[in-house]
*Asks:* 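The following block contains the structure, expressed as structure tokens.
Whatever order the structure lists them in is the order used to number ligands and atoms, beginning at 1. Numbers for residues simply follow the sequence, beginning at 1. Keep in mind that what you see is a predicted model, and the values were worked out from it rather than measured.
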Amino acid sequence: MFETRGASRNPWKRPVVWIALIALLALACGSGDAPPPGDGDAAEVPKAAPAPPGPEPTSPEPVAQARTPDAVKGDAIYQTYCASCHGARGAGDGPVGKTLDPKPVKHDDGVYMNALTNDYLFQVIEEGGAAVGKSPLMAPWGGSLSEEQIWDVIAFVRSLATPPFDGSVP
Ligand code: HEC
């Protein structure tokens, strides 16, 4: 069957074949059992330490946040990428911003900012001012920031508004 000439002339070949098969099976079973538990745990733990609740996790709207946006992380990102123009607290008074025309939008101006939707803010930040008919001096940040980071920045920008952003604009 495997080597018909050899098998018929050398009877000891059969046990060798069986031993080889058994060894292969043993290897297959052994390697199948060992790794999964470790891999699975390592992947799960950092994401969601508490046990997930009953309902299946579903991903909502297409552009929705993967996790709750973190305004503290957003603050750090804002200081790095946005404050030079928009000012550390969104007053539009960053050193670079003062020289620009038009001036960077004042993110602490709640009357103006609170009317803008999250999706609109996401688009301006990701694609830049030109993508929404605003000045190209407001650069696109999608190449530097992940979607998660953009949502973090939006959470921080929302926290700057006076009067405060009450979350009523989706
Ligand atoms: C080089 C300067 C500069 C930097 C850096 C900058 N912006 Fe801007 N941004 C502007 C200017 C100028 C405008 C106003 C555009 C206009 O009015 O046409 C603006 C406008 C905006 C607006 C309002 C858009 C609107 O419709 O009114 C948002 C929101 C915004 N920027 C967010 C950010 C965020 C978040 C960052 C950091 C990731 C950032 N910007 C970095 C210059 C900048």
*Asks:* Who's the nearest protein heavy-atom neighbour of atom 14 (C) of ligand 1, and how far?
*Replies:*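 For this ligand atom, the closest protein heavy atom is K103 O, 3.7 Å.
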*Asks:* Counting non-hydrogen protein atoms only, what is the nearest one to atom 5 (C) of ligand 1? Give residue, atom name and distance.
*Replies:* Y81 O, 3.2 Å
*Asks:* Just the protein N/O/S atoms under 2.8 Å from atom 8 (Fe) of ligand 1, please, no waters.
*Replies:* H86 NE2, M138 SD
*Asks:* Is K103 reaching over with its side chain to a backbone N or O of L100, donor-acceptor style, under 3.5 angstrom?
*Replies:*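 Checked: pair present.
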*Asks:* Please list, chain by chain and in numerical order, all residues satisfying ring-ring contact (aromatic ring centres under 6.0 Å, His included) with Y81, sequence neighbours excluded.
*Replies:*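 So Y81 forms a ring-ring contact (aromatic ring centres under 6.0 Å, His included) with W141.
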*Asks:* If you measure from each non-hydrogen atom of H107 to ligand 1, which part falls under 4.0 Å: side chain, backbone, both or neither?
*Replies:*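 Side chain only; the backbone of H107 stays clear of ligand 1.
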*Asks:* Taking non-hydrogen atoms only, is Y78 closer than 4.0 angstrom to ligand 1 via side chain, backbone, both or neither?
*Replies:* neither
*Asks:* Return the CZ to CG distance between F165 and L116, rounded to the nearest 0.5 Å.
*Replies:* 9.5 Å
*Asks:* Who pairs with E148 by salt bridge (charged side-chain N to carboxylate O under 4.0 Å, His left out), at least two apart in sequence or on another chain?
*Replies:*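 Partners of E148 by the salt bridge (charged side-chain N to carboxylate O under 4.0 Å, His left out) criterion, ordered by chain and then number, come out as R67.
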*Asks:* Tell me: protein heavy atom nearest atom 12 (C) of ligand 1, and distance?
*Replies:* P102 O, 3.5 Å
*Asks:* Any atoms of ligand 1 less than 4.0 Å from a non-hydrogen atom of L100? List them with their elements.
*Replies:* 2 (C)
*Asks:* Using side-chain heavy atoms (C-beta onward) and a distance below 4.5 Å, is F156 in contact with I77?
*Replies:* no
*Asks:* At what distance is the nearest protein heavy atom to atom 27 (O) of ligand 1, and which residue and atom is it?
*Replies:*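 Answer for atom 27 (O) of ligand 1: Y112 OH, 2.4 Å.
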*Asks:* Name the one of S135, C85, S84 that satisfies side chain to side chain contact (heavy atoms under 4.5 Å, CB included) with P104?
*Replies:*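 Between P104 and the candidates, side chain to side chain contact (heavy atoms under 4.5 Å, CB included) is satisfied uniquely by C85.
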*Asks:* Return the set of residues passing ring-ring contact (aromatic ring centres under 6.0 Å, His included) with H86 (not counting sequence neighbours), or none when no residue passes.
*Replies:*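 Scan of H86 (ring-ring contact (aromatic ring centres under 6.0 Å, His included), adjacent residues dropped) gives H107.
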*Asks:* Could you identify the single nearest non-hydrogen protein atom to atom 18 (O) of ligand 1 and state the distance to 0.1 Å?
*Replies:* S135 N, 2.7 Å
*Asks:* Which residue supplies the protein heavy atom nearest to atom 17 (O) of ligand 1, what is that atom called, and how far is it?
*Replies:*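 Going atom by atom, the protein heavy atom closest to atom 17 (O) of ligand 1 ends up being K134 CD, 3.8 Å.
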*Asks:* Does any non-hydrogen side-chain atom of V105 lie less than 4.5 Å from one of M138?
*Replies:*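 With C-beta onward as the side chain, the pair stays apart.
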